[in-house]
Amino acid sequence: MSDYAQRVLDDLKARNAHEPEFIQAATEILTTLKPVVDRHPEYEKAGLLERYVEPERVIMFRVPWMDDKGQVQVNRGYRVQFNSAIGPYKGGLRLHPSVNLSIIKFLGMEQILKNSLTGLPIGGGKGGSDFDPKGKSDNEVQRFCQSFMTELYRHVGKDVDVPAGDIGVGAREIGFLYGQYKRITGLYEGVLTGKGLTWGGSLARKEATGFGLCYFVQAMLEANGKSVAGKTVVVSGSGNVAIYAAQKITEMGGKVVAMSDSNGYIHDPAGVNLAVIKQLKEVERKRIREYVNAVPTATYTEGCSGIWTIPCQIALPCATQNEINEASAKALIANGVEAVGEGANMPSTLEATAAFQQAKVLFAPAKAANAGGVAVSALEMSQNSMRLSWSFEEVDARLKDIMVGIFHKVDDAAKEYATSGDYVAGANIAGFLKVADAMMAQGAV
Ligand code: NDP
Ligand code: 2IT
């Protein structure tokens with residue numbers, strides 16, 4: 001690595017020693033930016049990397065809410081407004097008990113480059129809370145969301161910062177958050193994306209991350225003389241990203257044989273019945289183990305990592321960070337995996353990524369492969385500003401163009417600056433160049 005990037009990374013590690021996920025994401029990004037920094041010595045004088053790794057603003061706040069028993073509960077809320085060089089801050093809100101500043105900062109820093117890759121004018125941000133929606137009533141979720149927005153409203157706006165969904169935040173939560181924003185500010189504006197279709201949402205936003213992942217993976221396979229058709233696929237998770245990735249990959253001729261949740265995974269060699277998964281997860285909010293009640297030929301196994309020991313040619317991790325460690329990567333490689341498409345953010349550890357790349361597995365990194373969600377969020381912002389809505393087919397066609405376009409940007413940057421086929425370096429470099437250019441033009445801010 002160049003002295004400059006290494007120095008910034010060493011400094012970041014010392015100053016954020018207690019933030020392992022943030023250090024992990026920064027290590028990958030800074031390591032792959034060496035050839036860019038070498039070609040642009042002016043970046044060092046401009047403190048560009050030091051500015052890049054430091055969020056513009058971190059907002060942390062108390063979120064008090066009353067549970068159904070009348071007991072007041074307190075959670076911690078976050079919004080990291082990381083980088084506004086190319087547009088208003090944009091990125092999801094995560095509600096999960098594991099949420100802390102390290103996780104929100106890693107997600108925010110990834111989001112800067114992802115949003116840049118979409119080619120649309122959106123900066124990078126992320127937020128959330130350690131609130132656990134599991135087991136909470138609709139009323140409790142509503143009271144939490146209203147309290148969260150009662151603080152957040154003063155920091156967001158359609159041209160300032162536009163949050164959306166992530167783990168634990170779907171249409172229900174976006175609805176409660178939007179209602180409270182509207183009530184406090186009196187504004188009917190596109191301050192959130194992932195809204196319902198009757199009140200400003202975009203067709204195909206729900207499907208966008210999963211569909212986009214499959215469009216990217218298909219483009220990557222085609223560029224390497226392969227295709228999805230006829231391949232056996234393992235998809236982890238059974239949330240928003242996983243469900244629509246499984247749907248599209250099936251439409252493309254792949255066969256999904258396993259899916260999971262945070263308790264365990266189901267293996268259905270005949271091909272997963274997605275109608276059953278949707279009913280369990282989207283309608284009833286139940287556990288995936290119940291799948292075997294509807295499909296008795298399938299098996300359920302407790303625990304998450306075992307899903308990666310099921311033989312497949314395509315693996316789509318769509319649950320959460322670091323769900324594939326080196327041992328899981330090696331199990332996939334030993335079973336002949338040909339392509340990995342990251343639907344979740346940073347689902348592979350640094351060691352797992354290295355193992356895939358050494359084994360010449362086609363590896364589609366999250367910030368490129370899962371950019372379809374935020375890309376359609378940006379299309380939702382456009383539709384809101386224009387006060388009109390596009391058809392499903394129109395949005396889906398734009399999504400496909402954007403994902404194929406991202407693949408080519410990433411592929412070209414890998415060839416020009418790194419090694420052909422190193423899509424990790426290609427994504428970081430292609431995303432960074434646009435942000436760096438904008439930051440240089442705007443002065444030392
Ligand atoms: P959902 O909440 O809809 O689904 C998350 C899924 O992952 C669930 O099946 C959940 O299981 C599982 N999961 C969550 N946390 C863990 C954990 N700690 N261990 C094991 N399994 C876990 O979220 P999304 O589908 O929206 O998000 C999935 C991933 O995709 C995340 O990494 C997110 O950042 C990323 N992403 C999401 C986008 C979007 O538009 N929604 C866009 C781009 C990326 P359980 O139900 O048991 O908790
Ligand atoms: O990680 C992500 O890109 C998201 N959770 C979606 C963000 C968005 O603003 O749509």
Side-chain angles (χ1 to χ4, degrees), residues 21 87-99 103-104 106-115 117-118 120 122-128 132-135 156 161-174 190-195 201-202 204-213 216 235-246 259-266 277 280-282 285-289 303-305 307 316-324 341-348 366-381:
E21 294 86 1
Y89 311 105
K90 181 85 196 87
L93 296 172
R94 176 176 293 191
L95 297 183
H96 193 273
S98 64
V99 163
I103 288 176
I104 299 299
F106 113 67
L107 289 163
M109 193 159 68
E110 292 279 291
Q111 198 84 43
I112 303 167
L113 300 182
K114 181 193 308 194
N115 293 4
L117 285 170
T118 66
L120 300 166
I122 39 179
K126 201 85 191 190
D132 186 358
K134 276 203 200 82
V156 297
D161 184 355
V162 183
D166 193 84
I167 291 177
V169 176
R172 175 182 64 170
E173 291 74 21
I174 294 292
V191 65
L192 293 161
T193 58
K195 299 184 290 299
S202 175
R205 174 61 188 89
K206 184 175 68 172
E207 294 82 358
T209 312
F211 280 22
L213 172 66
F216 188 98
V235 180
S236 67
S238 48
N240 173 262
V241 179
I243 286 175
Y244 293 95
M259 294 183 76
S260 62
D261 62 19
S262 57
N263 293 113
Y265 63 92
I266 52 119
I277 297 278
L280 279 176
K281 290 293 177 181
E282 294 189 326
R285 296 182 189 270
K286 287 192 174 155
R287 310 311 302 159
I288 205 161
R289 72 170 70 88
C304 294
S305 62
I307 196 171
L316 302 178
C318 296
T320 193
Q321 66 273 358
N322 293 327
E323 56 171 312
I324 301 185
E342 294 191 320
N345 283 307
M346 203 169 75
S348 310
K367 64 176 70 69
N370 74 24
V374 76
V376 173
S377 278
L379 300 181
E380 182 172 328
M381 290 165 70

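Counting starts at 1 for both ligands and their atoms, following the listed order.
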Undergrad: Under a 4.0 angstrom heavy-atom cut-off, which atoms of ligand 1 come close to G343?
TA: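 With G343 as reference, the close atoms of ligand 1 come out as 30 (O), 35 (C), 36 (N), 44 (C).
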
Undergrad: Does K126, backbone or side chain, put an N or O under 3.5 Å from an N or O of ligand 1?
TA: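 No, K126 has no N/O under 3.5 Å of an N/O on ligand 1.
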
Undergrad: Compare I167, I277, N345, D132 and give the one whose heavy atom is closest to atom 14 (C) of ligand 1.
TA: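 Residue with the shortest heavy-atom distance to the ligand atom: I167.
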
Undergrad: Can you report which non-hydrogen protein atom sits closest to atom 39 (C) of ligand 1, along with the distance?
TA: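 Here the closest protein heavy atom is T209 OG1, 3.4 Å.
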
Undergrad: For the atom pair SG (C304) and CG (N263), what is the distance rounded to the nearest 0.5 Å?
TA: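 So the gap between those two atoms works out to 7.0 Å.
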
Undergrad: Provide the number and element of each atom of ligand 1 under 4.0 Å from a heavy atom of G237.
TA: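 Listed by number with element, the hits are 9 (O).
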
Undergrad: Write out the residue and atom name of the closest protein heavy atom to atom 2 (O) of ligand 1, then the distance separating them to 0.1 Å.
TA: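 Closest protein heavy atom to atom 2 (O) of ligand 1: G168 N, 2.9 Å.
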
Undergrad: For the residue pair G168 and P133, what are the closest heavy atoms and their distance?
TA: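 For G168 and P133, the tightest heavy-atom pair comes out as O-CG, 4.0 Å.
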
Undergrad: Tell me which part of K134 gets within contact of ligand 1: side chain, backbone, both or neither, using heavy atoms under 4.0 Å.
TA: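 Only the side chain of K134 comes within reach of ligand 1.
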
Undergrad: Can you tell which of S262, A164, P133, G239 gets a heavy atom nearest to atom 4 (O) of ligand 1?
TA: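 Ranked by closest heavy atom to atom 4 (O) of ligand 1, first place is G239.
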
Undergrad: So which protein heavy atom does atom 15 (N) of ligand 1 come closest to, and at what separation?
TA: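 Nearest neighbour among protein heavy atoms for atom 15 (N) of ligand 1, to 0.1 Å: H96 NE2, 3.6 Å.
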
Undergrad: Run the salt bridge (charged side-chain N to carboxylate O under 4.0 Å, His left out) test against K134 and tell me which residues pass, sequence neighbours left out.
TA: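 Applying salt bridge (charged side-chain N to carboxylate O under 4.0 Å, His left out) to K134 gives none.
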
Undergrad: Below 4.0 Å, non-hydrogen atoms only: which portion of D261 touches ligand 1? Side chain, backbone, both or neither.
TA: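 Near ligand 1, D261 shows its backbone as well as its side chain.
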
Undergrad: Is M259 touching ligand 1 with its side chain, its backbone, both, or neither, if touching means heavy atoms under 4.0 Å apart?
TA: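 Under 4.0 Å from ligand 1, M259 contributes no heavy atoms.
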
Undergrad: So is R287 close enough to ligand 1, meaning a heavy atom under 4.0 angstrom away?
TA: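 In this structure, R287 qualifies as a contact of ligand 1 - some heavy atom is under 4.0 Å.
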
Undergrad: Can you name the atoms of ligand 1, numbered from 1 with element, that are less than 4.0 Å from a heavy atom of R94?
TA: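 So the answer, numbered in order with elements, is 31 (C), 32 (O), 33 (C), 34 (O).
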
Undergrad: What is the closest protein heavy atom to atom 18 (N) of ligand 1, and at what distance does it sit?
TA: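 Ranking protein heavy atoms by distance from atom 18 (N) of ligand 1, first comes T320 CG2, 3.7 Å.
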
Undergrad: Among all residues two or more places apart in sequence or in another chain, which pass the side-chain hydrogen bond (donor to acceptor under 3.5 Å, both in side chains) test with K114?
TA: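 Once residues adjacent in sequence are excluded, the partners of K114 under the side-chain hydrogen bond (donor to acceptor under 3.5 Å, both in side chains) criterion are N345, N370.
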
Undergrad: Report the part of S98 in contact with ligand 1, treating N, CA, C, O as backbone and CB onward as side chain, heavy atoms under 4.0 Å; options are side chain, backbone, both, neither.
TA: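 Neither; nothing of S98 gets under 4.0 Å from ligand 1.
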
Undergrad: Quick one: do I243 and V235 satisfy side chain to side chain contact (heavy atoms under 4.5 Å, CB included)? Show the steps, please.
TA: CA-CA 9 Å; I243 286 175; V235 180; over 6 Å; no

Undergrad: Consider ligand 1: state whether an atom of it lies below 4.0 angstrom from any non-hydrogen atom of R205.
TA: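 Under 4.0 Å: yes for R205.
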
Undergrad: Report all protein residues having a heavy-atom distance below 4.0 Å to some atom of ligand 2; order the list by chain, then number.
TA: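 Within 4.0 Å of ligand 2, the protein residues are K90, G91, G92, Q111, K114, K126, A164, G165, D166, R205, N345, G373, V374, S377.
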
Undergrad: Only heavy atoms of A344, strictly under 4.0 Å: list the atoms of ligand 1 that pass.
TA: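 Ligand 1 atoms under the 4.0 Å threshold to A344: 29 (C), 30 (O), 32 (O), 35 (C).
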
Undergrad: Can you tell me the protein heavy atom closest to atom 37 (C) of ligand 1 and the distance?
TA: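 Looking only at protein heavy atoms, the one closest to atom 37 (C) of ligand 1 is V241 CG2, 3.4 Å.
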
Undergrad: Please report the interatomic distance CG(D161) to CG(L192), rounded to the nearest 0.5 Å.
TA: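 One finds 9.5 Å between CG of D161 and CG of L192.
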
Undergrad: Using a 4.0 Å cutoff against the non-hydrogen atoms of A319, which atoms of ligand 1 qualify?
TA: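 Those of ligand 1 that fall under 4.0 Å from A319 are 7 (O), 12 (C), 21 (N), 28 (C), 29 (C), 31 (C), 32 (O).
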
Undergrad: Does ligand 1 come near enough to K114 that some N or O of the ligand is less than 3.5 Å from an N or O of the residue?
TA: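 Checking ligand 1 against K114, no N or O pair falls under 3.5 Å apart.
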
Undergrad: Return the residue, atom name and 0.1 Å-rounded distance of the protein heavy atom closest to atom 9 (O) of ligand 1.
TA: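 Going atom by atom, the protein heavy atom closest to atom 9 (O) of ligand 1 ends up being S238 N, 2.9 Å.
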
Undergrad: Could you tell me which residues satisfy side-chain hydrogen bond (donor to acceptor under 3.5 Å, both in side chains) with R172, sequence neighbours excluded, listed by chain and number?
TA: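 Scan of R172 (side-chain hydrogen bond (donor to acceptor under 3.5 Å, both in side chains), adjacent residues dropped) gives D138.
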
Undergrad: For atom 33 (C) of ligand 1, grab the closest protein heavy atom and report residue, atom and distance to one decimal in Å.
TA: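 Nearest neighbour among protein heavy atoms for atom 33 (C) of ligand 1, to 0.1 Å: D166 OD1, 3.3 Å.
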
Undergrad: Backbone or side chain, does any N or O of N370 fall under 3.5 Å from an N or O of ligand 1?
TA: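 It does not: no N or O of N370 is found under 3.5 Å from an N or O of ligand 1.
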
Undergrad: Check ligand 1 against C318 and write out every atom of the ligand that is under 4.0 Å from a heavy-atom position of the residue.
TA: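 In order of numbering, the contacting atoms are 28 (C), 29 (C).
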
Undergrad: Under 4.5 Å between any side-chain heavy atoms of I174 and V169, yes or no?
TA: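 I174 reaches V169 side chain to side chain.
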
